[in-house]
Amino acid sequence: MTETLDIKITQTPTSRLAETDFNNLPFGKVFSDHMLTADYEDGEWKNFEILPYGPIELSPAISALHYGQAFFEGIKAYKHADGKVSIFRPDKNAIRFNKSADRLCMPQLPEDIFIQSIAALVDIDRDWIPGKANHALYIRPFMFATDPFLGVTPSANYKYIVLIGPVGPYFSKPLRVKIETHYTRAAEGGMGYAKAAGNYGSSMLPARKAAEEGFDQLIWTDAKEHKYIEEMGAANAMFLLDGKLITAETKDTILDGVTRDTVIALAKDWGITVEERKVSVAELIEGAKNGKLTDAFGAGTAATIASVASISYNDEEYFLSDPQTREFSKKVLATLDDIKYGRSEDAHGWNYMV
Ligand code: PLP
Ligand code: COI
């Protein structure tokens, strides 16, 4: 840790907490009373400020809007039964934040400043953290270029903002997923490993087409041959095949998910063989047919552990076992929840206490 971050704090005079319906929390639509903002100017981060959540003024010429110098993170904070508050593995997001920044020619934000800024905001709005099961405070840190300049060149100035808001489950039911064999999310040498805003913009058309066909999510495949599984829309794709946990190895086309890493650690704790390798569509379809594919889920901060109900490939839909009967993903979800909500020992030191 370096010295304590100096943050100017302006509390809202009118909290929206009392009028917020905590029984109806669609993902990403409810924001807490405050946000944090900071500026990168003259080669340094300055003006860290917590202020009432609300609109900000920007030039319409900022390069983030024109050339996509923008990226984000997703983290969750949890309320324990005794009122304590923890943030789940923000150190991992701090590292990934800077990987994304590096890929997009944007400035680094020191990891301890990233974590301190988030913790300070969560602390101020800690009453916004839902106490209910499957609910959490979603934390959305992001950075974007602010130079009002239409030349295609890295901006000299940037904004860092953190928004937070209470959320319920991202997916309400097990997912019908489609293996995408035409569109590509990321190619080698591209920026799939960065949480770049543009990666999500480019995924919307294929996702919409899949939704029109009745699917909930896409499973992306490799850009060259569309033969190997990469990841799901907003989560890493993980499978239990022949008793082994398999998932695509992280590389420049894949987001190195914190949830993915966490699931792998738990599986190893439990003595399960983990294979991070090329996962072919063919072996999954074979496993779906012969019953050796006993579990399939998306792993992500917003998604948590999202069961896959069926996998569709070349117009054929393969239904997997009833998610309620799946031992592995149920155990992962229960174990993770126990750690995040402070009900069991945090042996890996994943909870950052606020
Ligand atoms: N892959 C993509 C494309 C995502 O958007 C996410 C969500 O953050 C993940 C994977 C999972 O990453 P994490 O577990 O760090 O949230
Ligand atoms: C997250 O899990 O935090 C994500 O970033 C998913 C988001 C795109 C909704």
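Any value given below was found using the heavy atoms of this structure, including those in side chains, with hydrogens, waters and symmetry copies removed. Atoms within a ligand are numbered from 1 in the order they appear, just like the ligands themselves.
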Query - All pairs passing salt bridge (Lys or Arg N to Asp or Glu O under 4.0 Å) where residues 295-309 contributes a residue, at least two apart - result: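 Residue pairs passing salt bridge (Lys or Arg N to Asp or Glu O under 4.0 Å), neighbours aside: Asp295-Arg326.
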Report task. Write down, by chain and number, every protein residue that brings a non-hydrogen atom to less than 4.0 Å from an atom of ligand 2. Result ->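 These residues qualify: Phe27, Phe72, Gly74, Tyr138, Arg140, Tyr170, Lys195, Tyr200, Ala234, Thr301, Ala302.
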**Report entry** Charged N-O contact under 4.0 Å between Glu276 and Arg260
**Finding:**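 Yes, Glu276 and Arg260 are salt-bridged.
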Requested in this report: With sequence neighbours left out, write down each residue that passes ring-ring contact (aromatic ring centres under 6.0 Å, His included) with Tyr67, or none if nothing qualifies.
Outcome: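 Testing Tyr67 for ring-ring contact (aromatic ring centres under 6.0 Å, His included), a comparison that skips the adjacent residues, returns none.
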Query raised in the report: Picking from Asp256, Asp261, Asn236, what satisfies side-chain contact (heavy atoms from CB on, under 4.5 Å) with Thr250?
Result: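 Exactly one pass, corresponding to Asp256.
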Keeping the roles fixed (side chain from [X], backbone from [Y]), state whether a donor-acceptor pair exists under 3.5 Å.
{"X": "Gln69", "Y": "Leu104", "result": "yes"}
{"X": "Lys76", "Y": "Thr301", "result": "yes"}
{"X": "Asp252", "Y": "Tyr193", "result": "no"}

Query raised in the report: Looking at Tyr138 versus Phe27, is the centre-to-centre ring distance below 6.0 Å?
Result: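 Yes: the rings meet the under 6.0 Å criterion.
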Pairs under 3.5 Å, nitrogen or oxygen of ligand 1 with protein nitrogen or oxygen:
residue	atom	partner	partner atom	Å
ligand 1	1 (N)	Glu231	OE1	2.4
ligand 1	5 (O)	Lys195	NZ	3.2
ligand 1	5 (O)	Tyr200	OH	2.5
ligand 1	8 (O)	Lys195	NZ	2.7
ligand 1	14 (O)	Val258	N	3.3
ligand 1	14 (O)	Thr259	N	2.8
ligand 1	14 (O)	Thr259	OG1	2.6
ligand 1	15 (O)	Arg96	NH1	2.8
ligand 1	15 (O)	Arg96	NH2	3.0
ligand 1	15 (O)	Val258	N	2.8
ligand 1	16 (O)	Thr301	N	2.9
ligand 1	16 (O)	Thr301	OG1	2.6

Query raised in the report: From Leu121 CG over to Thr37 OG1, what is the distance, rounded to the nearest 0.5 angstrom?
Result: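 The OG1 atom of Thr37 is 10.5 Å from CG of Leu121, to the nearest 0.5 Å.
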